[in-house]
Participant: 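Here it is: the structure, laid out below.
Keep in mind that this is a model prediction, so the values were computed, not measured. A, B, ... follow the sequence lines: proteins, then strands. Residue 1 opens every chain.
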Amino acid sequence: MMSKIYDTKAVEKKWQDAWEASGVFHAKQDFAAPKSYILIEFPYPSANGLHVGHPRSYTALDTVARKRRLQGYNVLYPIGFDAFGLPAENFAIKNHVHPAEITRRNIARFTAQLKSLGFSFDWSRVVDTTDPEYYKWTQWIFLQMFKHNLAYKKDMAVNWCPSCKCVLANEEVIDGKCERCGAETTRKNKSQWMLAITKYAQRLHDDLDEVNFIERVKLQQRNWIGRSTGAQVRFATTAGDTLEVYTTRPDTLFGATYMVMSPEHPLLEAWATKLSNPDEIKAYQCSAAKKSDFERTEVNKDKTGVRLQGVAAINPVTAQEIPIFISDYVLASYGTGAIMAVPGHDTRDWEFAKVYGLPIVEVVAGGNIEEAAYTDCAAGVMVNSGFLTGLSVEDAKVRITAWLTEKGLGEEKVNFKLRDWVFARQRYWGEPIPIVHCPHCGMVALPESELPLKLPNVEHYEPTDDGESPLSLLTDWVNTACPQCGAPAKRETDTMPQWAGSSWYFLRYCDPWNSEALASSEALAYWTPIDWYNGGMEHTTLHLLYSRFWHKFLYDIGAVPTPEPYQKRTSHGMILGEDGVKMSKSRGNVVNPDEIVGQYGADTMRLYEMFIGDFEKTAPWSNSSIKGCKRFLEKVWALQDILVPGENYTAKLEAPFHKTVKKVGEDIENLKQNTAIAALMTLVNAIQEAGQINHAELKTFLLLLNPFAPHMTEEIWESQNFGGRVTDNPWPAYDEGKCADKTIEIAVQINGKVRSRLTVSADVSAEDAIAAAKADEVVAAAVLGKTPIKELYVPGRLVNLVVR
RNA sequence: GCGGACGUGGCGGAAUUGGCAGACGCGCCGGUCUUAGGAGCCGGUGGGCAACCAUGCGGGUUCAAGCCCCGCCGUCCGCACCA
């Protein structure tokens with residue numbers, strides 16, 4: 001009997017509808033069952049629709065979710081939309097359509113596209129960050145942070161994108177340019193909402209030890225947090241005030257021959273009357289202020305600065321008077337905004353000292369400070385350093401820090417590169433910040449009973465020319481009464497950045513219907529932490545860090561039961577265009593998933609996305625390679641033509657089946673879907689060679705393939721009247737002892753070179769294997785007359801005869 | 001500059017972590033069927049006539065190296081004056 005033609009469109013639609021109607025993929029409200037919470041980063045529903053990059057990670061974790069469901073886990077594999085953000089707003093500005101309407105359309109399109117790929121998402125729990133019932137809780141979390149002094153307003157220089165008319169977080173500025181539009185950013189003083197992520201820096205750093213993130217993610221987060229241990233040292237000055245610095249090299253204090261302050265250092269103003277060259281200083285400050293961050297940090301820029309005339313510092317160990325400079329190579333925002341300069345052992349200080357002819361003193365032996373700063377000197381010995389001379393660098397650090405502490409001149413100090421998070425945007429399409437500015441009470445939190453504070457409708461979505469949010473033009477909305485004293489007051493008009501809604505969405509999935517809390521404590525206790533979270537590397541220092549921070553805060557106030565949100569984090573590689581370059585409209589190398597599904601079907605698309613290469617690495621799309629996946633599925637369909645009865649594996653296929661069950665299961669868990677598919681292909685080749693497949697074998701095969709090709713496997717299962725559905729069955733088991741073939745082929749090497757091959761029984765002893773090898777004609781001839789040195793047998797692999 | 005990852009056939013990629021390099025697939029070549037083949041099926045496919053040579057290049061350790069060690073070269077990603 002020939003199997004009927006496989007019609008992908010009809011069959012896939014049929015099963016997608018069946019899954020939807022039955023709700024098989026809905027997580028069960030059974031908090032006693034073993035659970036598995038599997039998460040992908042919810043998409044931003046852009047107008048471009050789904051990209052072929054999305055399904056790569058969605059399919060990979062879908063195979064995990066589907067497999068674990070068959071293994072009996074109560075699986076939560078949810079989906080939602082991160083729908084606030086600039087593109088919808090920019091579209092609204094151009095086309096005068098409300099962003100909510102655009103968002104609604106885009107979500108509808110994404111939903112249809114995602115469903116067409118047959119992902120086993122729990123569609124009953126969809127979260128949309130722009131839904132007031134959702135952002136009510138985003139605002140609620142913000143208010144808790146405000147109440148705990150983690151959300152504050154600060155007058156500060158911020159990154160400003162003149163094109164978007166918007167403040168950007170440090171993380172959103174790439175090479176001095178706006179991450180979104182590419183315009184060069186400038187600095188602007190503004191009163192900004194900030195979140196004090198730095199208060200959590202230590203824990204965000206340390207707790208990485210407690211989670212199972214891939215190493216490169218941990219490393220990148222650690223580098224971003226930038227923890228360093230050193231000392232805070234106070235230098236006396238001739239002006240009377242002390243000048244405080246931070247250094248990681250207190251051991252080199254004897255080599256500090258001058259000091260440098262950032263041009264923005266507040267002491268400069270205090271010293272104004274004592275300085276004899278104020279004009280020169282002012283001029284330098286002005287030119288520094290005008291420069292963008294990009295210009296200021298440009299590589300290989302020559303060191304510039306101005307020496308302060310009239311004020312000097314005193315090195316606490318040498319008691320010598322040393323000059324103070326201002327220079328833009330010292331950052332106001334790190335440490336104390338001032339440094340002790342040790343030109344002998346710091347490259348930047350060395351360069352500066354050369355320009356200004358300052359003394360360079362060697363305090364660690366071993367380098368040549370005439371030619372360059374000797375910085376790589378952790379194992380060196382101190383010289384020219386008074387009571388530190390002769391000590392190792394390591395000991396000198398301890399000794400000097402103790403000395404400074406004893407004299408009250410300093411102490412050990414830990415510093416972080418991480419900065420507080422600029423949390424406001426002067427844009428429309430975001431969560432309104434639920435704060436009221438009262439002339440009497442100051443900043444007042446909106447009562448929780450008034451949440452959600454809904455986004456009002458506006459006529460125009462453009463930010464105002466002075467950089468205020470378009471909400472500021474809505475006087476009716478802005479003018480309100482102070483929730484505390486009732487006096488006329490004004491609402492905050494800034495909105496939250498896009499990162500807000502995505503910082504906790506995974507909690508909402510646990511209990512998306514809850515109107516009393518962001519989620520019930522029972523649901524959170526059961527589902528969190530997330531067992532497996534996969535997402536892009538580009539979110540490592542943004543979303544991933546931000547959401548860990550929010551989660552830790554929520555943990556501190558008792559709103560969530562775990563200190564970390566994610567147990568495991570993995571990351572996928574990008575899918576490039578056929579030309580090996582990132583897909584982009586302008587290059588015309590974009591592949592549309594709808595077309596692939598239309599031409600080949602969802603199962604082929606899923607299979608190819610998994611087969612394309614190593615999941616963690618980038619991989620170029622190939623329109624011809626995808627055909628191989630299509631052919632494979634056609635071969636699978638045709639297995640029905642050689643189906644015979646039989647409820648046990650046949651002798652010939654028993655080992656291949658046990659082996660493949662083991663491999664596919666392990667590979668899915670290890671994100672090696674590519675080799676899992678290769679193993680399934682190998683198995684089909686073996687079946688074809690055997691000429692037949694029985695019921696037991698086909699059932700197992702369909703179960704193994706189901707996570708990758710869920711539609712076709714269900715269809716075959718049904719066509720063959722195997723009873724119920726694939727999804728009703730347990731994941732197949734394997735017997736370790738049956739994975740190995742009875743006989744194996746081993747190589748026979750002479751001096752490490754393969755000379756022959758032998759077929760031996762799998763449990764052959766070393767003696768027998770070696771004896772059999774020596775009995776081989778070719779081998780015997782080759783070793784004739786030579787002196788045996790060594791004979792090795794590597795079980796199941798090879799025999800190596802070493803002769804001379 | 002610093003940090004990380006990587007470098008294997010014409011291509012995407014495998015390789016039990018020190019044990020037969022090139023699994024699986026694409027492409028290509030040959031055959032078969034066909035009025036036809038951009039379909040299907042069968043066979044072949046790292047290079048070299050060979051001995052042999054082959055995992056970016058040069059050394060080393062080992063019975064044995066794609067994998068470990070030392071030194072280069074190259075590509076990609078992240079950070080970028082963080083004291």
Participant: For a quick check of understanding: with a heavy-atom distance under 4.0 Å over all strands, which category does A:Leu798 fall into, base, sugar-phosphate or nothing?
Facilitator: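 Base contact - A:Leu798 has a heavy atom under 4.0 Å of at least one base atom.
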Participant: Nearest nucleotide by nearest heavy atom, which residue falls closer to the 5' end of RNA chain B, A:Asn674 or A:Gly752?
Facilitator: A:Asn674
Participant: Rounding to the closest angstrom, what is the interatomic distance between B:rC6 and B:rA15 at atom P?
Facilitator: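 Here B:rC6 and B:rA15 have their P atoms 13 Å from each other.
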Participant: Starting at the 5' end of RNA chain B and moving along, which residue's nearest nucleotide shows up first, A:Gln749 or A:Thr248?
Facilitator: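 Result: A:Gln749.
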Participant: Check every strand shown and say whether A:Glu745 touches a base, only sugar-phosphate, or nothing at a heavy-atom separation below 4.0 Å.
Facilitator: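 Result for A:Glu745 = base.
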Participant: Calculate the interatomic distance between A:His345 atom NE2 and B:rC81 atom C1'; express it in whole Å.
Facilitator: 19 Å
Participant: Among B:rA83, B:rA14, B:rC63, which nucleotide sits nearest the side chain of A:Val802?
Facilitator: B:rC63
Participant: May I ask you to say what A:Ser228 touches in the nucleic acid, namely base, sugar-phosphate or nothing, with a heavy-atom cut-off under 4.0 Å?
Facilitator: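 Sugar-phosphate contact only.
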Participant: Given Watson-Crick or G-U pairs with both distances under 3.5 Å, what dot-bracket string fits RNA chain B, with | for other-strand pairs and [ ] for crossing?
Facilitator: (((((((..(((......[....)))((((((.......))))))((....))..(((((..]....))))))))))))....
Participant: Output the single nucleotide from B:rA83, B:rG12, B:rA23 whose closest atom is nearest the side chain of A:Thr675.
Facilitator: B:rA23
Participant: If a protein heavy atom is under 4.0 Å from the base, mark B; if only from the sugar-phosphate, S; if neither, -; do that for nucleotides 24-31 of chain B going 5' to 3'.
Facilitator: BSSS----
Participant: Can you check the distance between B:rG25 and B:rU45, where both ends of the measurement are the C1' atom (answer in whole Å)?
Facilitator: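 That atom pair is separated by 14 Å.
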Participant: Using a strict cut-off of less than 4.0 Å between a Lys/Arg side-chain nitrogen and an Asp/Glu carboxylate oxygen, indicate whether A:Glu616 and A:Lys672 qualify as a salt bridge.
Facilitator: no
Participant: Under 4.0 angstrom, heavy atoms only, what part of the nucleic acid is A:Asp614 near: base, sugar-phosphate, or nothing?
Facilitator: sugar-phosphate
Participant: Would you classify A:Ser333 as touching base, sugar-phosphate or nothing, given that sugar-phosphate means primed atoms plus P, OP1 and OP2, and contacts are heavy atoms under 4.0 Å?
Facilitator: nothing
Participant: Of all the nucleotides listed (B:rC81, B:rC63, B:rC6), which has the minimum atom distance to the side chain of A:Lys617?
Facilitator: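 Nearest to the side-chain atoms of A:Lys617, counting from C-beta on, is B:rC6.
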Participant: Under 4.0 angstrom, heavy atoms only, what part of the nucleic acid is A:Arg227 near: base, sugar-phosphate, or nothing?
Facilitator: nothing
Participant: When we call it a touch if two heavy atoms are under 4.0 Å apart, what does A:Asn800 touch: a base, just sugar-phosphate, or nothing?
Facilitator: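 If one applies the 4.0 Å heavy-atom cut-off, A:Asn800 turns out to touch a base.
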Participant: Check every strand shown and say whether A:Leu219 touches a base, only sugar-phosphate, or nothing at a heavy-atom separation below 4.0 Å.
Facilitator: sugar-phosphate
Participant: Can you tell me how far C1' of B:rC76 sits from CG of A:Leu576, to the nearest Å?
Facilitator: 11 Å
Participant: Got a sec, which residues hit ring pair (Phe, Tyr, Trp, His ring centres under 6.0 Å) with A:Phe325, two or more places apart in sequence or on another chain?
Facilitator: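 A:Phe325 satisfies ring pair (Phe, Tyr, Trp, His ring centres under 6.0 Å) with A:Tyr258, A:Phe352, A:Tyr356 only.
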Participant: Looking at every strand, decide which applies to A:Lys753 at a 4.0 Å heavy-atom threshold: base, sugar-phosphate, or nothing.
Facilitator: sugar-phosphate
